[in-house]
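None of the values given here were measured: they were computed from a predicted structure.
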Amino acid sequence: MELTKFTHACVRLEKDGKVLVIDPGAFSEESALEGADAVLITHEHFDHLEPERLRAAAAAEPGLSIWTCDAVASVLTDSGVPAQIQTVRHGDAFEAAGFRVRTFGELHAKNHPDLPQVQNVGFLVEEQVFYAGDALTVPGVDVHTLLVPTGGPWLKLAEMIGYLREVRPERAYSTHDALYSEAGLGLIDNWLAGEGDEQKAEFRRLAIGETVAL
C-alpha cells in the first residue's frame, strides 16, 4: 500500500489499483480525488470536507463511495453529491474499494468554548494506517502508521506529544499542518524528530506530494 500526502489534512492511499482518499478538504489539492474509488471523511469542517469537489468527483466516477458520520452524510445529501454515501460510527467495520476499515471515536476535540463538539470518526485502514481526524482518539490496537495532527486551534504541543506516547506507532506522519509558516513547519520537524528518537521510531513530516510505501 502507498500513502501520498496532500496539503493540510488529506491523504491518498493506493493498493492493487484502487484509490482511497481521506479528508479532501478545501486546503488540499483537487488532484487528490483523481481516479478515487472511495472517500473517507472524518467530520464536517471545511478543511476536511468540500462538497463541490466531491460532487465533481462523483460525476467523473459514478461508482464512487463515501463513508462518513451522520452529520457529514446530511451535508453531502443536501449538497446533491451523487455518490454512494454510507454512514458509520464508532465500532463499525467495513470494506471500501477493497480496503478493510475499522472506525474509532465519536467527537471532534474541544475547540471554542461557545461551539459544540461536532461528530468526528477516525479510520483504521488495513490494520495499518490510523487517521483520527480532529481528535486524539487512542484506538487501543497496534498502530503501524499514525497520521498525527500537529497544528490547529484545538491542539497543544504537549497533547500531540502525549498522543504519540500513548499510541506508540512504528511511524507517524504529520497532518493538519497547513496553518503553519515555514518557521512553524521547522518546529514540527524538530518536535517529531526528537520524539521519534525517544521512541526509536520514524516520526516526520512528509512533503506535499510525497509518497511512501507502507
Test: R100 and E126 ion pair at under 4.0 Å: yes
Under 6.0 Å between ring centres, would you say that holds for F27 and F46? yes
Flag yes if L124 and Y163 sit in one hydrophobic cluster, no otherwise; membership is Ile, Leu, Val, Met, Phe, Trp, Tyr, and two members link when side-chain heavy atoms are under 4.5 Å apart. yes
For W154, enumerate each residue passing the ring pair (Phe, Tyr, Trp, His ring centres under 6.0 Å) test, keeping only those at least two apart in sequence or located in another chain. H108, H176
Quick one: sort the F104 and H90 rings into parallel, tilted or perpendicular, breaks at 30° and 60°. perpendicular
CG of L20 to CZ of F123, rounded to nearest 0.5 Å, is 9.0 Å
Is the backbone of E34 close enough, under 3.5 Å, to the side chain of R12 for a donor and an acceptor to pair up by distance? yes
Side-chain (H48) to main-chain (H43) donor-acceptor, under 3.5 angstrom: no
Taking side-chain hydrogen bond (donor to acceptor under 3.5 Å, both in side chains) as the test, write out the residues that go with E170, two or more places apart. H144
Nearest 0.5 Å please: distance from the OG atom of S74 over to the CD atom of Q119. 8.5 Å
Is E50 reaching over with its side chain to a backbone N or O of R53, donor-acceptor style, under 3.5 angstrom? yes
Measure from NZ or CZ of K15 to the centre of the six-membered ring of F99, then state whether that distance is under 6.0 Å and the direction lies within 45° of the axis. yes
Can you tell me if E29 uses its side chain to pair, donor with acceptor, with the backbone of I208 under 3.5 Å? no
Hey, could you give me the CD1/CD1 distance between I66 and I85, rounded to the nearest 0.5 Å? 5.5 Å
side-chain hydrogen bond (donor to acceptor under 3.5 Å, both in side chains) contacts touching residues 179-194 (sequence neighbours left out): D189-R205
How long is the gap from CG on L13 to OG1 on T211, to the nearest 0.5 Å? 10.5 Å
